[in-house]
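Below is one structure, written out as structure tokens, with a few remarks after it.
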Amino acid sequence: MAIGIVAGVLGTAQSNTPVPSTFFAVSGVRGNYPEVTVGLLAHQEFAWGMIEQSRGVFDFKLLDNYMANVQLYGLVDPVTNTANIAMTLSDGTPIWAVADHTTCTGGSLNLKLCTAPPDNIQDWTDFLTAVVQHYNGKTQPHIKYYELWNEINIQLWWTGANAQMLALAQAAYPIIHDAYSQLLTPSVAGPVGTVSPTSQVNAMTQYLQAGGYKYADGGAFHGYIAAQGGVTPFPMPEQDTTSGCKAFVGCHGSIITIATQMRAVFDQNGLSGKPFFQTEGSWGNMTVTDPDTQVQWVARYNLLQAGLRSTLNLQMAAWFTWADPSFGWGNIADASLNPTPAGVAYNQVYNWVVGSAIAQPCSGAANGTWTCTLTRAGGYTAQAVWNTQGSIAYSPGPGYTQVRDLTGITSPIPASGSVTIGPKPVLVEEVTGSTPVITLVANAEGEGILMAPNTWIEIKGFNLAPAGHTRIWQASDFVSGKMPVQLDGVGATVNGKSAYVYYISPTQVNILAPPDAILDPVQVTVTNTGVTSAPANVPSQALSPSFFVINGGPYAVAQHSANYSLVGPTSLYPGSTTPAKPGETVILYANGFGPVSPAVVSGSSSQTGTLT
């Protein structure tokens with residue numbers, strides 16, 4: 001059973017505004033920062049039990065490490081010094097704050113936590129005050145979102161009464177809520193509808209009607225669409241149920257149904273017009289293990305949620321989690337903490353969606369075809385499309401020129417105008433007119449979205465150069481020892497300053513960013529024979545490190561300094577690679593590692609220096 005297009009408008013609509021990077025969030029656990037592209041770090045280890053393991057002793061080390069990574073990856077607003085982080089304040093009361101230990105267990109990470117509220121609410125306010133004073137915008141950035149408590153309708157995390165949770169919220173709101181930080185409701189999880197005794201709908205309705213709406217800047221819910229055991233087949237993101245479970249009991253509802261019903265709960269109980277946030281969700285704990293199905297699942301899950309942003313005011317889709325496979329929950333990392341194929345698909349969906357507008361929810365047809373329509377300034381239109389029933393011929397309509405898959409490979413649409421689609425979403429794209437359109441700005445090695453001074457950057461899109469003009473710079477393009485800022489009428493700017501143009505083609509331009517310090521966010525434009533694109537907003541930081549790799553990775557280019565031959569096991573590339581010897585100097589090629597001494601001369605064709 002599947003839900004088709006969502007009718008009606010709930011919450012405060014976002015109209016036809018581009019999807020910001022902060023919509024895409026991934027949790028990090030065990031100190032591991034996500035190695036997929038995100039605009040926001042979703043909740044980490046739950047805060048109270050981790051930070052204050054004994055009364056009055058606060059240890060922020062683990063969370064400060066996450067904050068350092070958030071700063072490194074450019075997820076801090078430089079104007080307000082506010083970090084794009086969502087922190088869940090608690091998943092239980094520390095054992096030292098409760099005299100009766102009958103509700104206390106090992107908790108997450110084997111911390112001693114209790115599902116009862118603290119005996120003395122002063123312990124709670126002291127903890128909150130310590131957190132806000134630590135992340136104060138001076139010694140550490142502010143934190144943007146605080147979720148009050150984890151899954152209050154699940155007895156593993158909370159067995160208190162609504163009145164007791166309300167007291168915690170009432171105490172927290174004046175401490176957390178200010179111009180920089182927002183306090184969200186406690187989260188709920190599980191089925192929607194009203195059949196289940198632990199329904200998200202029932203639990204959140206009761207909490208808000210008890211007065212919880214008075215102490216929240218937005219609503220929080222979790223997006224797990226089925227129970228974590230005994231459900232076979234496990235539903236895909238657009239399914240309310242399968243033959244293996246009962247609707248709104250074992251199967252919780254599709255991500256569309258869950259979000260739509262929770263939006264209605266917030267609207268009808270005091271939070272009308274305020275944003276809401278899916279703060280944790282995925283396929284869950286080892287419920288989807290086939291790598292190919294994982295690719296389908298993660299792509300469809302995030303596209304469907306992005307399609308709800310405009311009409312439902314859904315402001316975050318958080319994936320849980322990034323961790324080594326032994327952790328189990330929604331893993332899109334391998335044992336070496338590199339993205340799995342599902343992690344690569346997550347990155348591609350991020351690239352498709354961020355900066356585009358999705359005015360209406362994704363819609364499903366009777367033949368199993370689902371379509372999400374994306375637009376960008378300059379006449380760009382795309383359809384993210386898949387079919388739940390298998391392979392089928394799909395005609396997107398006249399004008400569409402290329403199709404992009406979940407590995408990033410693009411192919412021209414055949415003259416017939418028809419492409420084959422299946423369970424994995426693809427993106428079919430068209431541009432009307434001749435205005436340049438930017439769809440991606442990224443580090444030229446690895447396609448990380450973080451920009452930095454004096455870094456090689458790739459810009460992808462349409463109409464970026466005249467038809468038939470594909471080339472790199474040549475000796476004749478250098479004037480007075482300066483790198484060219486234009487090739488064949490094609491130039492680019494970074495915050496209004498001309499960049500140095502190395503490569504041009506109608507769909508990609510490679511540039512060297514100016515060495516000047518740049519502030520986040522950076523605006524990048526491309527001009528093609530006098531016509532300039534709409535600016536693309538890109539996060540920036542002082543560093544955007546990456547290594548040049550062989551054939552797309554994962555092995556970095558390393559050379560013997562004596563003869564410049566490749567370093568590696570003899571079995572890696574037989575006849576080409578040999579191991580390095582102890583004490584030997586090896587040459588690596590890298591990008592975005594920051595300033596050197598002496599400083600580079602902007603545009604100079606000869607640059608050298610030592611990393612500082």
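Residue indices begin at 1 and follow the sequence shown.
No donor-acceptor distance shorter than 3.5 angstrom exists from the side chain of Tyr66 to the backbone of Gln44, with no hydrogens or angles considered. The closest donor-acceptor contact from the side chain of Ser565 to the backbone of Asn563 lies at 3.5 Å or more, if one exists at all. A donor-acceptor pair under 3.5 Å is absent between the side-chain atoms of Asn528 and the main chain of Val490, judged by distance alone. Between the Thr401 side chain and the Glu430 main chain, no donor and acceptor come within less than 3.5 Å of each other. Proximity of a side-chain donor or acceptor of Thr435 to a complementary backbone N or O of Ser533 within less than 3.5 Å is not detected.
Taking the six-membered ring for Trp and the full ring otherwise, the centers of Trp319 and Trp329 sit at least 6.0 Å from each other. Ring pair Phe277/Tyr145: centre-to-centre distance below 6.0 Å.
Within the 4.5 Å cutoff, the side chain of Ile392 has heavy atoms near those of the Ile421 side chain. Counting heavy atoms from C-beta outward, Val567 and His560 have side chains that approach closer than 4.5 Å. Counting heavy atoms from C-beta outward, Pro506 and Leu464 have side chains that stay 4.5 Å or more apart.
Here the shortest heavy-atom pairing between Pro396 and Gln383 reads O-NE2, 3.2 Å. The minimum heavy-atom distance between Arg300 and Pro423, with the atom names listed, is NH1-O, 3.1 Å.
Open room surrounds OH on Tyr555; 12 or fewer heavy atoms of other groups in view lie less than 6.0 Å from it. Annotation: Tyr502, atom OH; neighbour count of heavy atoms from other residues, nucleotides and ligands within 6.0 Å does not exceed 12.
Between Tyr33 and Tyr73, the angle of the ring planes stays under 30°, which puts this pair in the parallel group of the 30/60° scheme.
Between Glu429 and Arg376 no salt bridge is recorded (no basic side-chain N to carboxylate O distance below 4.0 Å). Salt-bridge check for Lys497 with Asp516: passed, with a basic side-chain N closer than 4.0 Å to an acidic carboxylate O.
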